[in-house]
Amino acid sequence: MYCSVCGEKLALVVNKYEGLVPFCKNCNEYRFPQFATAVSLVVTNRAKDKILLAKHLGQDDYILIAGYVKKGETAEKAVTREFKEETKLNAVKYKYMSSRYHEPRNVLMLNFLVIAENGDVVADPGEIEECTWFGFDEALEKVRKNSVAEAFLKAGISDIKNKKF
């Protein structure tokens, strides 16, 4: 890790309030880790009996609809914007579920459960190769195994089945 201001190699130093924190000896400042934030959507239909999964361009596995939160944007705004951009459908209702850090991409994923308006899905050809509705069991079979998407999907289906949404 290197300082984002001066480029100096950071050392881990104990901060009495935060524990071990990267520290720049040159700037004499703590440099907390920076990472992107994204939303991940477990999308169900109005009947709450199907899940929408996507295959992004160049990917073999199905995952959830997801996208980055833009600077100055709220997570809630990112949910409605990303869903509309990637499917051409509107989100009728949504609720925050949980978050997970996704290390391979250095992203904090904020998961939402979303009800989609009725209509035809039109996948964004610049990002998504395919969007398909699946029953719950089939969605669990299709989603990328041992992924953040799978963990979010399991929790979302549980909330839907237990009528918590």
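From a predicted model like this one, the values you see are computed outputs, not experimental measurements.
- Of the candidates Lys145, Lys55, Arg144, Asp61 forms a salt bridge (charged side-chain N to carboxylate O under 4.0 Å, His left out) with just one, namely Arg144.
- Atom-to-atom distance recorded for Glu73:CD and Thr80:OG1 is 7.5 Å, nearest 0.5 angstrom.
- Atom NZ in Lys84 sits 13.5 Å away from atom CD1 in Ile65 (nearest 0.5 Å).
- The minimum heavy-atom distance between Pro22 and Leu10, with the atom names listed, is CB-CD1, 3.7 Å.
- Other residues sharing the hydrophobic cluster of Tyr2, ordered by chain and number and joined by side-chain separations under 4.5 Å: none, the residue standing alone.
- Taking all atoms of both residues into account, the shortest heavy-atom contact from Cys24 to Glu8 is SG-CB, 3.8 Å.
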Check: Given the rule in the side-chain contact (heavy atoms from CB on, under 4.5 Å) test, do Leu53 and Leu64 qualify, once you have shown the distances and angles that lead to the verdict?
Finding: CA-CA 5 Å; Leu53 296 179; Leu64 303 174; 3.7 Å; yes
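- Under the ring-ring contact (aromatic ring centres under 6.0 Å, His included) criterion, the residue pairs touching residues 114-134 are Tyr62-Phe134, with sequence neighbours excluded.
- Under a cut-off of 6.0 angstrom, the local environment of CG in Asp120 is sparse, with at most 12 non-hydrogen atoms contributed by other residues, nucleotides or ligands.
- Closest heavy-atom contact between Ile115 and Phe165: CG1-CE2, 3.1 Å.
- Here the closest non-hydrogen pair linking Ser4 and Gln34 is OG-NE2, 4.1 Å.
- For the atom pair OG1 (Thr87) and CD (Glu117), the distance works out to 8.0 Å, reported to the nearest 0.5 Å.
- Between Leu113 and Val42 there is a side-chain heavy-atom pair separated by less than 4.5 Å.
- Side-chain contact between Phe83 and Asn90 is absent, with no heavy atoms from C-beta onward closer than 4.5 Å.
- Separating the CG atom in Asn15 from the CG atom in Leu12 is a distance of 12.0 Å, to the nearest 0.5 Å.
- For the side-chain hydrogen bond (donor to acceptor under 3.5 Å, both in side chains) condition, the pairs that include at least one residue of residues 93-115, sequence neighbours left out, are Lys95-Asp159, Tyr101-Asn106.
- Rounding to the nearest 0.5 Å gives a distance of 7.0 Å between SG of Cys6 and CZ of Arg31.
- Val121 and Phe136 fall into different hydrophobic clusters, where Ile, Leu, Val, Met, Phe, Trp and Tyr residues are linked whenever their side-chain heavy atoms come under 4.5 Å apart, directly or through other members.
- Residues Ile51 and Phe152 fall within the same hydrophobic cluster, defined by Ile, Leu, Val, Met, Phe, Trp and Tyr side chains chained together at heavy-atom separations under 4.5 Å.
- Leu110 is listed as a side-chain neighbour of Phe112, based on a closest heavy-atom distance under 4.5 Å.
- Here the CE-OH distance, from Met109 to Tyr68, works out to 8.0 Å after rounding to the nearest 0.5 Å.
- Lys88 NZ: more than 12 foreign heavy atoms inside a 6.0 Å radius.
- Residues Leu108 and Leu41 share a hydrophobic cluster, clusters being chains of Ile/Leu/Val/Met/Phe/Trp/Tyr side chains in contact below 4.5 Å.
- Looking only at distances, no side-chain donor or acceptor of Asn162 sits under 3.5 Å from a matching main-chain atom of Lys164.
- Within the 4.5 Å cutoff, no side-chain heavy atoms of Tyr30 are placed close to those of Glu18.
- Contact record, Ala66 with Ser40: CB-CA, 4.1 Å, taken as the closest heavy-atom pair.
- In the hydrophobic clustering of ILVMFWY residues, with side-chain heavy atoms under 4.5 Å counting as a link, Val69 and Phe32 come out apart.
- Both Leu153 and Val107 belong to a common hydrophobic cluster when Ile, Leu, Val, Met, Phe, Trp and Tyr are linked at side-chain heavy-atom distances under 4.5 angstrom.
- Residues Val143 and Lys154 have side chains not in contact (no heavy-atom distance under 4.5 Å, counting atoms from C-beta outward).
- The two residues Ala123 and Ile128 make their nearest non-hydrogen contact at CB-CG2, 3.8 Å.
- Side-chain contact check for Arg46 versus Val92: some heavy-atom pair is nearer than 4.5 Å.
- Within 6.0 Å of NZ on Lys77 lie no more than 12 heavy atoms contributed by other residues, nucleotides or ligands.
- Proximity of Leu52 to Val114: side-chain heavy atoms (C-beta onward) are nowhere separated by under 4.5 Å.
- Using a 4.5 Å cut-off on side-chain heavy atoms (C-beta onward), Glu129 and Gln59 make no contact.
- In this structure a side-chain-to-backbone donor-acceptor pair under 3.5 Å is missing from Lys48 to Lys163.
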